[in-house]
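Let me begin by presenting the structure, written as structure tokens, before commenting on it.
Bear in mind that the values here come from a model prediction, so they are computed numbers and not experimental data.
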Amino acid sequence: MTALKNDRFLRALLKQPVDVTPVWMMRQAGRYLPEYRASRAHAGDFMSLCMNPEFACEVTMQPLDRYPQLDAAILFSDILTIPDAMGQGLYFETGEGPRFKKVVSTLADIEALPIPDPHKDLGYVMDAVSTIRRELNGRVPLIGFSGSPWTLATYMVEGGSSKDFRKTKAMLYDNPQAMHLLLDKLAQSVTSYLNGQIMAGAQAVQIFDTWGGNLSAAAYQEFSLAYMKKIVSGLIRENDGRKVPVILFTKNGGLWLESIAEAGADALGLDWTCDIGNARARVGDKVALQGNMDPTVLYAKPEAIRTEVGRILASYGKGSGHVFNLGHGITPEVDPEHAGAFLRAVHELSAQYHE
């Protein structure tokens, strides 16, 4: 494979010295970019964009072409590809988000679920990874990703998005045996899926535990974190002659940083409700930290964005182990010029912390 021209993202995840704090944005290939909207219109719909490796590559590259400050590319895909490959029938309703034609509601439903083969059942994702790696040609590292078992389970049981997760939580408490079987199947699926991405060329991977923070402290440990630990222990951690860092991101997981830091990953993603300096003090040198500006700061003027970037950098302090990111995905209404101001500010203001 082609040598990396910019590896500061990977170095920071491993707490190695860097010249400036690396930066990327969750959902950086998305609807805030006019070029993305044009590609999506050309593809026809969101899933056609995801399932065509050439389109997936095209939109993955768009933010990199617009913003030379980006230190990583992230595979363009969706977290719900695994449930879709399990036969749940993923589709998207305009303005309503993802939906499944089938839902999981009984132990028998769960027992009938197959564990997808990443190459046969999700080959379009593996093809997208290898296509993007070729197109990147060593420019920056490529991040692969998956949803966490708990997060995927919520969509499968609810049939789509949910405000209160009433069906999923009822299953968790009424029938923990069924929920554990579902989560175990999903953990096996995520492990093979991420390993497939790594072998296809992903140089780091992130597990998005979007809904883990909606659990109680005890339920989080048993039904979310335990399965992410299982995945981390089964991942390929070295490929192409270098380490493959793993990032865990639990939205609203700030209460449990110490236990997440013990899960075996290289880095923790933080949402914007955590103070990054406090998080660093709590987890010490165990892991790198990724985050964590509130995405809505990008609606403010560039001067205000720059001030907030400076505050977060100062809170983290000197030394490596920080990957700058938003505390969640960039939102569709953000002005692309404001995103550019954010990215420039990270590199310009962070050099002083890496002398």
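Looking at every heavy atom in both residues, G277 comes nearest to S315 through N-OG, 2.9 Å. Heavy-atom minimum distance, D164 versus K169: O-CD, 4.3 Å. The two residues L152 and I79 come nearest to each other via the heavy atoms CD2-O, 3.1 Å. Contact record, Q69 with V23: O-CG1, 3.8 Å, taken as the closest heavy-atom pair. Between V283 and A261, the shortest heavy-atom distance links the atoms CG1-CB, 3.8 Å. Smallest separation of non-hydrogen atoms from D71 and V140: O-CB, 3.6 Å.
Look at D19 and R8 and you find a salt bridge, because one of the NZ, NE, NH1 or NH2 atoms lies within 4.0 Å of a carboxylate O, short of that distance. Using a cut-off of 4.0 Å between Lys/Arg side-chain N and Asp/Glu carboxylate O, D109 and K102 are scored as not salt-bridged. Between K229 and E262, none of the side-chain N atoms (NZ, or NE/NH1/NH2) sits under 4.0 Å from a carboxylate O, so this pair counts as no salt bridge. Taking 4.0 Å as the cut-off between side-chain N and carboxylate O, D7 and R242 count as a salt-bridged pair. With respect to K243 and D266, no salt bridge is recorded, no charged nitrogen being found less than 4.0 Å from a carboxylate O.
Counted within 6.0 Å of NZ on K318, heavy atoms from surrounding residues, nucleotides or ligands total more than 12; the atom is thus considered enclosed. Applying the 6.0 Å contact sphere to CZ of R282 captures more than 12 heavy atoms from other residues, nucleotides or ligands. Residue Q177 qualifies as open at atom CD: its count of foreign heavy atoms under 6.0 Å is 12 or below. Applying the 6.0 Å contact sphere to NZ of K120 captures no more than 12 heavy atoms from other residues, nucleotides or ligands.
With no hydrogens or angles considered, no side-chain donor-acceptor pair links Y155 and T168 at under 3.5 Å. Side-chain atoms of S192 and N195 include no donor-acceptor pair closer than 3.5 Å.
Between atom NE2 of residue H322 and atom OG of residue S350 there is a gap of 9.0 Å, rounded to the nearest 0.5 Å.
At a threshold of 4.5 Å between non-hydrogen side-chain atoms, the residues T151 and F208 do not count as touching. The shortest side-chain heavy-atom distance between V323 and L13 falls under the 4.5 Å cut-off.
Using cut-offs of 30° and 60° for the angle between ring planes, the F223 and H180 rings count as parallel. Taking the six-membered ring where the residue is Trp, Y67 and Y32 present parallel rings, their angle staying beneath 30° rather than reaching 60°. Ring planes of W256 and Y220: parallel class, angle under 30° (limits at 30 and 60°).
Under the 6.0 Å distance and 45° angle rule, R280 counts as a cation-pi partner of Y316.
Although no hydrogens or angles enter the test, the distance criterion places no donor-acceptor pair under 3.5 Å between the side chain of Q197 and the main chain of Q203.
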